[in-house]
Structures are given as C-alpha cells and as structure tokens.
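One is the number of the first residue; the rest follow in order along the sequence.
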Amino acid sequence: MSSSDRARTTMEDMEKGENSGQEGALATPLITPRHSDEDYYSDTNSGISSKIAGGGEDQIIWMVYLSTLVALCGSFEFGICAGYSSPTQAAITKELGLSTAQFSLFGSIATCGAMVGALTSGSMADLIGRKGTMAISSCTSVAGWITIYFSKGVMALDVGRLLTGYGMGVFSYVVPVFIAEITPKHVRGAFTTLNMVTLGCGLTATFALGAVLTWRNLALIGIVPCCVQLMGILFIPESPRWLAKMGQDQKFKAALQQLRGKDSDISEEASEIQDYVETLQKMGKSRITDLFQRKYMRSLMIGVGMMVFNQFCGVNGVCYYMSSIFESIGFSSTLGSVVYSSFQVAMCSLTATRMDNTGRKPFLLVSASGMLIGCVLVGTSFFLKVHQVSSASVDAIAVVGLMVYGGSYASGMGAIPWILMSEMFPVNVKGVAGSLASFVDWIGAWTISYTFNYLILWSSYGTFLLYAAVNVLAILFVLIMVPETKGKSLEAIQTALNI
C-alpha cells in the first residue's frame with residue numbers, strides 16, 4: 001500500500017470514528033505497524049524499565065538515560081534561571097541601589113529573552129539539530145551568567161538576565177522535543193516528565209544555595225549545568241527523527257541503533273519513521289502560516305491552549321515572588337521556598353513513575369483541580385487577613401494552599417503541556433509549531449510575572465481567586481479538547497490529529 005493510499009485509509013477511519021461518537025479516540029496510524037506493540041515492547045510495572053525484542057536491554061537503558069541526562073542539564077539550568085531573582089532580591093537591590101521598579105524589570109526581563117528564544121528555537125532545532133541547539137543555548141546562558149557576575153549597574157545586570165532568559169526559552173522547547181524523539185513510546189511520558197522534575201531540582205538548589213551564597217557566586221552556579229551539557233553532547237547521538245528528516249540515512253540508523261542497543265532489531269521502527277518522514281516531505285517545507293490549515297487546527301488549538309493554561313494559572317508570579325509571599329504570611333521565606341520547590345520535585349517524580357500507566361489526561365485533570373483548591377485556600381487566607389481575622393490557623397491555610405498549588409502544578413500542568421507539544425506536531429511543522437506554542441507560553445509568563453505585584457496591590461485574595469477561575473476553564477478545556485496519547489508512537493498520534 002502506498003503512502004497516499006494509507007493516508008486516504010486513515011482519513012476514512014477517522015471519519016468513521018467521529019461518526020460513531022468515539023470522542024477523543026486516536027485514529028488508525030498512517031504507517032501500519034508490522035506487528036503489535038505487545039510483540040515489540042514488554043512493559044514493566046514501573047513504566048520506566050523495558051525490554052525491546054532482540055535483546056540489548058542494558059545498552060538501551062544506558063544510552064537513553066545518558067542522552068536524557070545530558071538534555072536535562074538544560075532543564076536544571078532553566079530552574080536556576082527561573083528561581084534566581086527570588087533569593088537575590090534584597091542583596092542585589094541593596095548593593096546596586098535598585099528601585100523596586102528596576103528589580104521588577106530585572107525579574108521579568110528573563111521572560112522577554114525567553115520569548116525570543118522560543119521564537120528562534122524551532123527553526124534553529126530544524127536547521128542545526130537538537131544537539132546543536134542545546135549547545136548554542138548553553139553558550140548563551142554562560143555568557144549571561146558571566147555578565148551578571150561582573151555587573152556594576154542595572155544595564156549589565158539586565159543584559160545578563162536577558163541572555164540567560166534566551167537560553168531558558170530555547171531549552172523549554174528543545175529539551176522535551178529531544179527526549180520525546182529518542183525514547184521508546186511506552187516510556188516517553190515518564191522520561192519527558194523528568195524535564196519538570198529537573199527544573200524543580202534547579203529551583204530547589206537555587207533557593208537553598210541562595211541562602212548561603214552571595215548573588216554573584218550564585219550566578220556562577222548557573223554556569224555548571226551548561227558546561228556539563230556542552231561536554232555531554234559530545235558523547236550522545238542526535239535525534240534519529242531529525243536525522244531521518246534531513247535525509248542522513250546512515251547516521252539515522254546508527255543513532256537509532258545506539259539508542260536501542262547493538263543487538264536490537266531496529267528495522268521495524270526505522271521503517272515506520274522513514275515512511276512517515278517520506279510522507280511528510282512530500283507536503284513540502286512548512287511555514288508558520290501553514291499551521292492554520294484545517295488538518296493542523298486541532299493540534300494547534302490543543303498546543304496553544306495548554307500553554308495558555310500552563311502560565312495564566314499564575315505560577316510564574318508565585319515562583320518569582322515566592323519569598324515576599326511567604327514573608328507576607330509570617331513564614332520563613334527561605335524555608336518556605338525550599339519546602340515548596342522540594343514538594344514540587346516529589347510530586348513531579350511521582351507523576352513520572354505513573355505517567356505511562358495512568359495517562360496524560362487524568363493527571364491534567366487532577367492537577368488543575370488541585371491548583372483550583374490551592375488558589376481557593378490561599379485566597380481565603382488573604383481574605384481573612386484583609387478582614388482582620390489573623391491567627392496561626394489562617395497562616396497555616398495559606399501555607400497549605402501554596403503547597404497544594406505548587407504540588408498540583410508539578411504533577412500535571414507544569415510538565416504535560418510540553419509533553420503534548422512534543423508529541424502532537426509532525427516533524428515537518430514541529431519547528432514552527434513548537435516555536436509558536438513556546439512563544440505563547442512565554443508571553444503568558446511575562447504577563448503573569450509583570451502583573452503579579454500590581455494584582456496583589458489591587459487585591460491579594462482577588463488575585464488568587466482570579467487564578468482559580470483560570471483553572472476551572474483549564475479543567476473544561478482538558479475534558480473537551482485533549483486526547484489521551486499514552487502508549488502510542490509519535491507517528492500514530494500525529495497522523496490521527498493532523499492528517
């Protein structure tokens with residue numbers, strides 16, 4: 001059966017599925033597997049360890065884990081950059097004589113750099129590959145941290161923050177995409193979720209080290225994961241799917257063999273990827289305007305919609321100004337920040353171990369519901385304080401609410417939108433689609449981080465009730481729009497949604 005015949009068959013199957021009321025079901029894949037998933041993969045209860053037919057389990061686990069760890073250095077760097085402004089606010093303001101407005105600009109300008117990084121990340125990753133894109137992002141981040149370390153005034157400080165923000169924006173796209181493209185489908189969710197786990201570890205490390213290091217020395221810590229990644233990139237393969245797209249067949253097969261083990265039979269997986277890429281290439285090179293074609297509309301709506309809810313739930317405002325929030329409720333800012341971020345890491349780690357068994361959609365629903373509850377609790381605490389009902393129990397409600405909010409975000413809404421973004425878009429439009437989705441995410445991040453202080457001044461409890469309303473909309477969006485993608489190959493997901 002030719003590629004065009006298979007595409008027509010897929011469209012007919014999708015129409016039949018829609019007519020029969022199978023809501024959210026993924027249609028028959030464009031490239032029909034030569035055998036069942038059960039014959040090819042043998043899952044363990046943990047969803048992490050696996051055995052691929054043909055042997056080579058130890059080699060697979062070793063190379064996939066090594067490649068993932070190298071990519072995750074970018075996520076750790078992301079966490080350091082995101083958390084840097086919180087523990088350093090008092091010291092930087094005092095030493096450099098910054099006003100509140102100047103430091104607010106310093107805190108939020110990272111998101112401006114991230115917007116630029118998001119816009120360029122997709123094209124860059126398509127042009128020079130996933131590894132080259134991570135290398136450029138690391139180098140840019142190193143330059144930013146060095147600029148911050150040597151800064152004597154607000155201009156150099158903001159330039160350094162802008163550069164680290166650019167690196168953060170590129171990492172936010174390329175890390176989950178690279179991990180999704182190198183891992184077997186039955187562990188893809190777990191491995192991609194590690195992106196958020198590692199980001200949380202970076203946040204925790206920044207909050208903890210910020211209590212004992214000067215702001216300049218803390219900037220030097222940000223260089224470490226970048227240097228580790230630059231060295232690690234030399235020892236890992238490029239994304240096989242990107243190599244296949246670029247027509248580098250020998251390198252493609254060599255990279256896939258490295259990732260699956262030298263004794264594994266990769267012929268079936270390689271054939272599926274090559275057939276799908278061949279079909280996509282017949283469609284020609286895609287531009288950003290092509291995303292608005294009818295066949296990509298559902299993926300685009302889901303990708304952009306999830307990024308909107310990922311940010312407008314208020315998470316960046318809470319993260320960037322966490323120290324002042326805890327101080328306002330009479331709780332140790334250092335202890336509160338470390339406990340908050342540590343709890344996020346724990347919840348995200350739990351999600352990673354269950355993601356490929358439970359699925360993406362249930363975690364998204366639980367996450368948004370938990371964030372709704374957390375916002376209501378914090379809002380209630382602030383409401384009681386405004387009306388002069390102040391006690392230890394009122395403060396405890398706020399602390400519990402923040403923990404519920406942060407833990408719930410980490411368990412789903414923080415990581416899964418990026419997983420969906422890396423899964424849904426075909427290779428031929430993944431660059432422009434990923435850039436657009438990432439740009440929307442960073443627009444939201446800037447909007448929330450810039451407006452948070454103003455909203456708090458307007459109404460402390462009203463701010464969190466506003467975020468609670470956003471989470472209600474997120475729950476409805478997930479129920480209506482988001483399909484379940486667990487256990488399906490990237491090619492099958494993309495065919496069902498986009499063709």
Side-chain angles (χ1 to χ4, degrees), residues 62-84 110 113-114 116-118 120-150 159-183 191-192 194-203 205-206 209 213 216-240 242-243 246 248 251 254-255 258-259 418 422 431 434 438:
W62 176 80
M63 183 50 72
V64 171
Y65 266 103
L66 177 62
S67 301
T68 301
L69 287 173
V70 170
L72 289 175
C73 289
S75 302
F76 196 84
E77 169 65 19
F78 187 147
I80 293 176
C81 183
Y84 182 78
V116 180
T120 59
S121 59
S123 299
M124 194 190 313
D126 283 348
L127 183 64
I128 65 175
R130 289 30 170 162
K131 287 171 58 178
T133 302
M134 286 189 285
I136 288 178
S137 185
S138 285
C139 291
T140 305
S141 297
V142 169
W145 290 120
I146 291 175
T147 304
I148 290 174
Y149 179 81
F150 287 106
V159 169
R161 184 73 168 158
L162 195 66
L163 290 172
T164 58
Y166 177 84
M168 188 167 61
V170 175
F171 281 135
S172 69
Y173 168 77
V174 73
V175 171
V177 166
F178 177 74
I179 294 174
E181 290 181 347
I182 65 171
T183 49
F191 273 77
T192 311
L194 293 174
N195 176 48
M196 189 66 186
V197 175
T198 313
L199 193 160
C201 289
L203 275 173
T206 305
L209 292 173
L213 296 177
R216 294 185 189 275
N217 288 336
L218 188 60
L220 294 180
I221 297 297
I223 297 175
V224 176
C226 298
C227 293
V228 173
Q229 185 175 75
L230 288 170
M231 290 186 291
I233 282 173
L234 301 175
F235 301 98
I236 63 173
E238 178 58 90
S239 162
W242 180 79
L243 292 169
M246 300 303 290
Q248 301 181 31
K251 290 183 178 181
Q258 259 189 297
L259 292 163
W418 297 100
S422 67
S438 299

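In this structure, the side chain of Trp242 engages the main chain of Ala125 through a donor-acceptor pair within 3.5 Å. Within the 3.5 Å criterion, the main-chain N or O of Thr133 finds no donor-acceptor partner in the side chain of Ser137. A donor-acceptor pair under 3.5 Å is absent between the side-chain atoms of Ser121 and the main chain of Val170, judged by distance alone. Panel note: side chain Arg161, backbone Cys81; a donor-acceptor pair is recorded below 3.5 Å.
In terms of heavy-atom proximity, Tyr173 sits nearest to Gly122 at CE2-CA, 3.7 Å. Between Leu243 and Ala255, the closest heavy-atom pair is CD1-CB, 3.8 Å. Residues Ile148 and Ala219 share a closest heavy-atom pair of CG2-CB, 4.0 Å. The shortest non-hydrogen separation linking Val175 to Ala71 is CG2-O, 3.4 Å. Heavy atoms only, all atoms of each residue included: Ser239 and Ile182 are closest at CA-CG2, 4.3 Å. Contact between Tyr166 and Thr140 at its shortest, heavy atoms only, is CD2-CG2, 3.6 Å.
Atom CE in Met196 sits 11.0 Å away from atom SG in Cys201 (nearest 0.5 Å). A distance of 12.0 Å separates CG of Leu199 from CG of Leu194, quoted to the nearest 0.5 Å. Atom-to-atom distance recorded for Leu259:CG and Leu66:CG is 10.0 Å, nearest 0.5 angstrom. The distance from the CG atom of Leu69 to the OG1 atom of Thr198 is 8.0 Å, given to the nearest 0.5 Å. Expressed to the nearest 0.5 Å, how far CD1 of Ile136 lies from CG of Leu230 amounts to 11.0 Å. Atom OG of Ser67 sits about 12.5 Å away from atom CD of Glu181, to the nearest 0.5 Å.
Under the 4.5 Å side-chain criterion, counting only non-hydrogen atoms from C-beta, Ile179 is in contact with Leu72. Using a 4.5 Å cut-off on side-chain heavy atoms (C-beta onward), Ser138 and Glu77 make no contact. Using a 4.5 Å cut-off on side-chain heavy atoms (C-beta onward), Ile236 and Phe178 make contact. For the pair Glu238/Arg130, a side-chain contact is recorded, criterion being any heavy-atom separation below 4.5 Å from C-beta on. Using a 4.5 Å heavy-atom cutoff, the side chains of Phe171 and Gln229 are in contact. You'll find the side chain of Leu220 stays beyond 4.5 Å of the side chain of Arg216, heavy atoms only.
For residues 124-147, the set of pairs meeting the ring-ring contact (aromatic ring centres under 6.0 Å, His included) definition, not counting sequence neighbours, comprises Tyr84-Trp145.
By the ring-ring contact (aromatic ring centres under 6.0 Å, His included) test, Phe78 pairs with Trp442, sequence neighbours left out.
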